[in-house]
Amino acid sequence: METKILTETISRLMTSPKGILAIDESIPTCNKRFEKIGVVSSEENRRAYRELLVTAPNIEKYISGYILFDETMRQKTLDGKSFVSVLQEKNIDIGIKVDMGTKDFPPHIGDKITDGLVGLVERLQEYKEMGATFAKWRAIYNISNETPSESCMEANAEIFAEYAYECQSAGIVPIVEPEILIDGDHTIEQCFKITTKNLDIIFKKLLEKNIFIPGIILKTSMVISGKEAEVQSKADDVAKMTIKCLTEHVPKEIGGIVFLSGGQGDDEATENLNEMHKYEPLPWPLTFSYGRAIQNKALLSWAKNPSDISASQELLLAAAKINSLARTGEYSKLK
Ligand code: 13P
């Protein structure tokens with residue numbers, strides 16, 4: 001395994017004050033998001049929306065890498081340039097979602113396991129030839145009385161290790177993304193307990209498989225109360241408990257840690273990230289890899305007025321900028 005290529009990719013991705021933009025929604029997820037705002041999820045509409053995300057002027061000031069979906073990886077702008085080449089010209093790294101979604105993991109209702117190891121080696125090879133330098137694999141965990149079960153966490157961790165091994169062998173940085181879902185009425189303490197246990201299980205499996213830890217990025221959910229919890233956690237609690245969880249349960253030599261926004265409000269995701277930097281110095285670089293928290297306003301504007309691409313791109317840029325400020329703890333200075 002060539003470790004240099006992995007650490008070089010990570011140092012570009014984690015360059016301060018940038019973060020990663022996730023635009024890797026699968027077709028079913030895109031269908032849901034578009035349906036909510038009254039847009040038909042046709043291939044052309046998905047292409048047109050992604051074109052505005054990819055071509056947004058100056059986005060490279062705040063974004064070091066874009067995570068794409070298979071369809072987007074193969075799409076072009078209206079004037080015939082591949083999305084990949086547009087991003088590469090801005091020195092933005094190309095990431096690709098390589099898992100194939102989740103399926104039930106009986107007997108516990110709500111436990112899910114992530115699919116996609118079959119054919120992974122070939123897919124990685126093809127994506128690498130197309131320009132990908134990093135990949136992403138997401139597992140999800142529901143908090144309820146019975147879930148996530150230990151067997152589900154173990155099974156997903158084993159799959160993460162297999163995925164990470166194949167990525168690193170191909171010279172592609174694996175993003176390992178365990179997402180504790182925000183749905184439900186669980187407390188922040190319950191979220192802390194599950195997140196720490198899950199991270200312990202994941203890193204044990206990664207180490208058993210001899211994964212090169214400085215050559216991976218952890219993409220995690222924050223430690224936060226459920227959306228329907230009676231007591232909603234505040235930014236200082238989210239920051240304190242997330243940093244405690246990560247400093248105590250993630251190896252110090254990891255390449256970097258990034259957050260998903262996971263259905264938090266846009267401002268909430270920015271404020272929570274900003275608050276984390278009060279705990280610096282941290283052992284690893286820490287930034288965002290948001291999807292919705294950066295795209296929401298741009299998507300809505302495009303849905304209302306698809307011909308005004310610049311208005312939508314300005315909203316995208318503004319969201320990327322405030323999260324870039326939050327990445328160094330400077331967001332509050334603006335308020
Ligand atoms: P959100 O920030 O919308 O959660 O998306 C990030 C992501 O990549 C989910 O897998």
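Since the model is a prediction, treat every value here as computed from it, not as a measurement. Start at 1 and go down the list; that is how both ligands and their atoms are numbered.
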Fill in the blank from the handout: Sorted by chain and number, sequence neighbours left out, salt bridge (Lys or Arg N to Asp or Glu O under 4.0 Å) with Lys136 holds for Asp24, Glu177
Practice task
Would you please name every residue forming a salt bridge (Lys or Arg N to Asp or Glu O under 4.0 Å) with Lys252, sequence neighbours left out?
Solution key: none
Exercise for the section: Kindly assign one of parallel, tilted or perpendicular to the pair Phe34 and Trp302, based on the angle between their ring planes and the thresholds 30° and 60°. Expected result: tilted
Distances under 3.5 Å, N/O of ligand 1 against N/O of the protein: list each pair and its distance.
{"from": "ligand 1", "atom 1": "2 (O)", "to": "Ser261", "atom 2": "N", "distance (Å)": "2.8"}
{"from": "ligand 1", "atom 1": "2 (O)", "to": "Ser261", "atom 2": "OG", "distance (Å)": "2.5"}
{"from": "ligand 1", "atom 1": "2 (O)", "to": "Gly291", "atom 2": "N", "distance (Å)": "2.8"}
{"from": "ligand 1", "atom 1": "3 (O)", "to": "Arg292", "atom 2": "N", "distance (Å)": "2.8"}
{"from": "ligand 1", "atom 1": "3 (O)", "to": "Arg292", "atom 2": "NE", "distance (Å)": "2.7"}
{"from": "ligand 1", "atom 1": "4 (O)", "to": "Gly262", "atom 2": "N", "distance (Å)": "2.7"}
{"from": "ligand 1", "atom 1": "4 (O)", "to": "Arg292", "atom 2": "NH2", "distance (Å)": "3.1"}
{"from": "ligand 1", "atom 1": "8 (O)", "to": "Lys136", "atom 2": "NZ", "distance (Å)": "2.7"}
{"from": "ligand 1", "atom 1": "8 (O)", "to": "Lys219", "atom 2": "NZ", "distance (Å)": "2.7"}
{"from": "ligand 1", "atom 1": "10 (O)", "to": "Lys136", "atom 2": "NZ", "distance (Å)": "2.6"}
{"from": "ligand 1", "atom 1": "10 (O)", "to": "Arg138", "atom 2": "NE", "distance (Å)": "3.3"}
{"from": "ligand 1", "atom 1": "10 (O)", "to": "Glu177", "atom 2": "OE1", "distance (Å)": "3.4"}
{"from": "ligand 1", "atom 1": "10 (O)", "to": "Glu177", "atom 2": "OE2", "distance (Å)": "2.9"}

Problem - Six-ring centre of Tyr165, Lys209 cation under 6.0 angstrom, axis tolerance 45° - result: yes
Problem - Residues in salt bridge (Lys or Arg N to Asp or Glu O under 4.0 Å) contact with Lys278, at least two apart in sequence or another chain - result: Glu275
Practice task
Using the side-chain contact (heavy atoms from CB on, under 4.5 Å) rule, pick out the option among Ile63, Leu13, Asp93, Leu260 that qualifies with Ile20.
Solution key: Leu13
